[in-house]
Amino acid sequence: MRVMKFGGTSVGNAEAIDQTARILTEAYRSGEPVVAVVSAMSGVTNQLLASAAAAASGQGDASSELRQFLLDRHLAVVAELVHDLGRRAQVTVTLEEIASRCARLVESVHILGDLSPRAQDWIVSFGERMSSVLVASVLQDRGIPAVAVESDQVIITDDAFGNASPLLEQTRARAQERLGPLLAERKLPIVTGYFGATTSGSVTTLGRGGSDFSASILGYALDADEVWIWTDVDGVMTADPRLVPEARTLPSISFAEATELAYFGAKVIHPRTMQPAAERGIPIWIKNTFRPEHPGTRIGPDTTQDGSVVKAITAIPGVSVITVEGSGFLSVADVTARVFDTVGETGVNVYMIFQASSQHSLGFVVRQADTAKVLAALEQEFELDLLKGRVMRIWEDPNLAVVAVVGAGMRGTPGVAGRVFQTLGQNRINIVAIAQGSSELNISFVIAEHEVTRAVPAIHAAFGLGNAREA
Ligand SMILES: Nc1ncnc2c1ncn2[C@@H]1O[C@H](COP(=O)(O)OP(=O)(O)O)[C@@H](O)[C@H]1O
Ligand SMILES: N[C@@H](CC(=O)OP(=O)(O)O)C(=O)O
């Protein structure tokens, strides 16, 4: 059996949903069991988050506007793609009910003036709840027995709201119990991506872009032969095509390379997607919804041995370096342990770490959106040390980007770092910091955010990644 995930752009409007429905119809008619996973229509998750935040901050009750926004987006597709009048009336009522439930939650947040991580996860899950009903209805209109399934009934997670982890064995039992009978009856389940629920039933999300992860969790749970991620590019490319137009599609990469690329900013796949699939050796294919004839990229246990040292260049814009500078009265080891314990407790992701031990200073990279939280926690932890001058300063350098050069072939190949830094030098791009002990799969460094548009294409060209090796 196959799990097929369709991202926000693949369900973003009537034209995209028509294409998604064609792909699913063909897959269903092939006779092989298929489970679909859908993301929210593009832009919907962002709107849900913005409305929830606005409601909590007391900027008026935007719940009825949100309800209207959700209905406008989804009913526009119903009008174009659901032709049977009875079905159209029925799906309209269902979508209205879901949008009203969401609006009531946002209204409660407004009344409380508080948005807990738990409430936020519940609210953002409504984008996928609506898109799965919509896609199922379009398929039913084409004679396919599709059934919308809400993933809080299927994927069981811990309670790390906003970035939950699946409890794989419990999910396996639940998925087989819920989805097995549907597949046995030759139904096509359209499962909501992005969220699950704790054992006690609280809705949890798997992190932004987490529908890819949902697909791989279900692949694991259902012993899928393959997981297909349908998106708006031909596959994993040598760089983000928005930054490097001559980027080419990689025919195959390893689970480890894909994880590294995703972790360092290749938005095409969520970094945690590879873990459940790799555990069972299930290949993941990245395919273009709008060009299904292109073979795409295969992510599997092995990589293509095409002799290339560097596979791809990625970037994470919008990061800051936070530096903690000690005076020498505290041992470096002590400061390091306290810094990372404190940051660890905030739950914020640290992308890179560097240390200049002679100056007793320690730097690390976090997303700019997380810096206020991290700085507040550090200032509290080091309050006394700052007062007594044992820690001299804690500060933030904003508007930076992490760039990573990734490829399994650089393991043991000398001169890769030299070529990267020489290229930056030739282009007069200043390097703010270099990661200590980069993994054997990547070399990562920090530059000014505005230099990304020059740095990534320059390194891409220096390694000849745009050459005609197109799959
Ligand atoms: N190395 C890369 N290869 C392919 N796409 C990339 C890469 N890096 C970034 N991207 C971006 O990822 C986008 C697809 O991810 P996303 O927008 O999350 O899709 P979806 O809505 O299908 O989940 C592409 O449009 C592309 O701009
Ligand atoms: N809708 C969620 C989950 C997701 O995976 O979306 P997409 O497949 O469009 O990246 C998000 O925006 O984060």
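Indexing begins at 1, ligand by ligand and atom by atom, following the structure's order. For the single chain, residues carry numbers from 1 onward in sequence order.
- The heavy atom nearest to atom 23 (O) of ligand 1, considering only Lys311, Lys267, Lys5, Met41, is found in Lys5.
- Each of Val233, Asp232, Val11, Ile23 was checked for a side chain to side chain contact (heavy atoms under 4.5 Å, CB included) with Thr289, and the lone residue meeting it is Ile23.
- With a 4.0 Å cut-off on non-hydrogen atoms, Glu128 touches ligand 2 through its side chain and not its backbone.
- Ligand 1 places these atoms under 4.0 Å from at least one heavy atom of Val236: 3 (N).
- Side chain to side chain, Ser63 and Arg104 fail the donor-acceptor criterion of an N or O pair below 3.5 Å.
- In this model, a donor atom of one side chain and an acceptor atom of the other lie less than 3.5 Å apart for Arg118 and Ser202.
- Considering backbone and side-chain N/O atoms, Gly8 comes within less than 3.5 Å of an N/O atom of ligand 1.
- Annotation: side chain of Arg142 is in contact with side chain of Val138 (closest heavy-atom distance under 4.5 Å).
- Of all protein heavy atoms, the one closest to atom 6 (O) of ligand 2 is Ser39 OG, 3.4 Å.
- Looking only at protein heavy atoms, the nearest one to atom 5 (N) of ligand 1 is Val268 CB, 3.5 Å.
- At least one N or O atom of Thr231 sits closer than 3.5 Å to an N or O atom of ligand 1.
- Closest to atom 26 (C) of ligand 1 by heavy atom, among Ile269, Leu261, Asp232, Asp240, is Asp240.
- Gly210 counts as a contact of ligand 2, since one of its heavy atoms falls under 4.0 Å from the ligand.
- Which parts of ligand 1 touch Ala266 is read off a 4.0 Å heavy-atom cut-off, strictly below it: atoms 1 (N), 8 (N).
- Shortest contact from atom 12 (O) of ligand 2 to any protein heavy atom: Arg208 NH2, 2.9 Å.
- Among residues two or more places apart in sequence or in another chain, the side chain to side chain contact (heavy atoms under 4.5 Å, CB included) test is passed with Ala27 by Arg2, Met4, Val34.
- Nearest non-hydrogen protein atom to atom 1 (N) of ligand 1 is Met237 O, 3.0 Å.
- For Ser211, the heavy-atom gap to ligand 1 stays at 4.0 angstrom or more.
- Counted by atom type alone, Arg272 and Ser165 present one or more donor-acceptor pairs between their side chains at under 3.5 Å.
- Remark: the Thr371 side chain and the Ser320 side chain contain no N/O donor-acceptor pair separated by less than 3.5 Å.
- Of the protein's non-hydrogen atoms, the one nearest atom 4 (C) of ligand 2 is Ser211 OG, 3.3 Å.
- Residue contacts with ligand 2: Lys5 is included, with a non-hydrogen atom under 4.0 Å away.
- Looking at Gln368 and Asn399, their side chains do bring a donor and an acceptor atom within 3.5 Å of each other.
- Taking only nitrogen or oxygen atoms, main chain and side chain alike, Gly209 reaches within less than 3.5 Å of ligand 2.
- Between Val233 and ligand 1, a contact under 3.5 Å exists for no N or O pair.
- One option in Arg242, Arg248, Arg208, His270 has a heavy atom closer to atom 13 (C) of ligand 1 than any other, and that option is Arg242.
- Taking the six-membered ring where tryptophan is involved, the planes of Phe213 and His270 are essentially parallel, since the angle between them stays under 30° and well short of 60°.
- The residues Arg291 and Asp234 are annotated as salt-bridged, a charged nitrogen and a carboxylate oxygen being separated by less than 4.0 angstrom.
- Distances between N or O atoms of Gly8 and those of ligand 2 include at least one value under 3.5 Å.
- Per-residue contacts place Gly235 under 4.0 angstrom from the following atoms of ligand 1 (heavy atoms of the residue considered): 3 (N), 4 (C).
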Starting from the C-alpha separation in whole Å, work towards a yes-or-no answer on side chain to side chain contact (heavy atoms under 4.5 Å, CB included) for Asp152 and Phe195. CA-CA 7 Å; Asp152 41 0; Phe195 67 94; 3.7 Å; yes
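- Counted by atom type alone, Gln120 and Trp122 present zero donor-acceptor pairs between their side chains at under 3.5 Å.
- By the criterion of a heavy-atom distance under 4.0 Å, neither the backbone nor the side chain of Lys267 is placed next to ligand 2.
- Between Trp230 and Phe6, the ring planes are parallel. Angles under 30° get that label, and only those over 60° would be called perpendicular.
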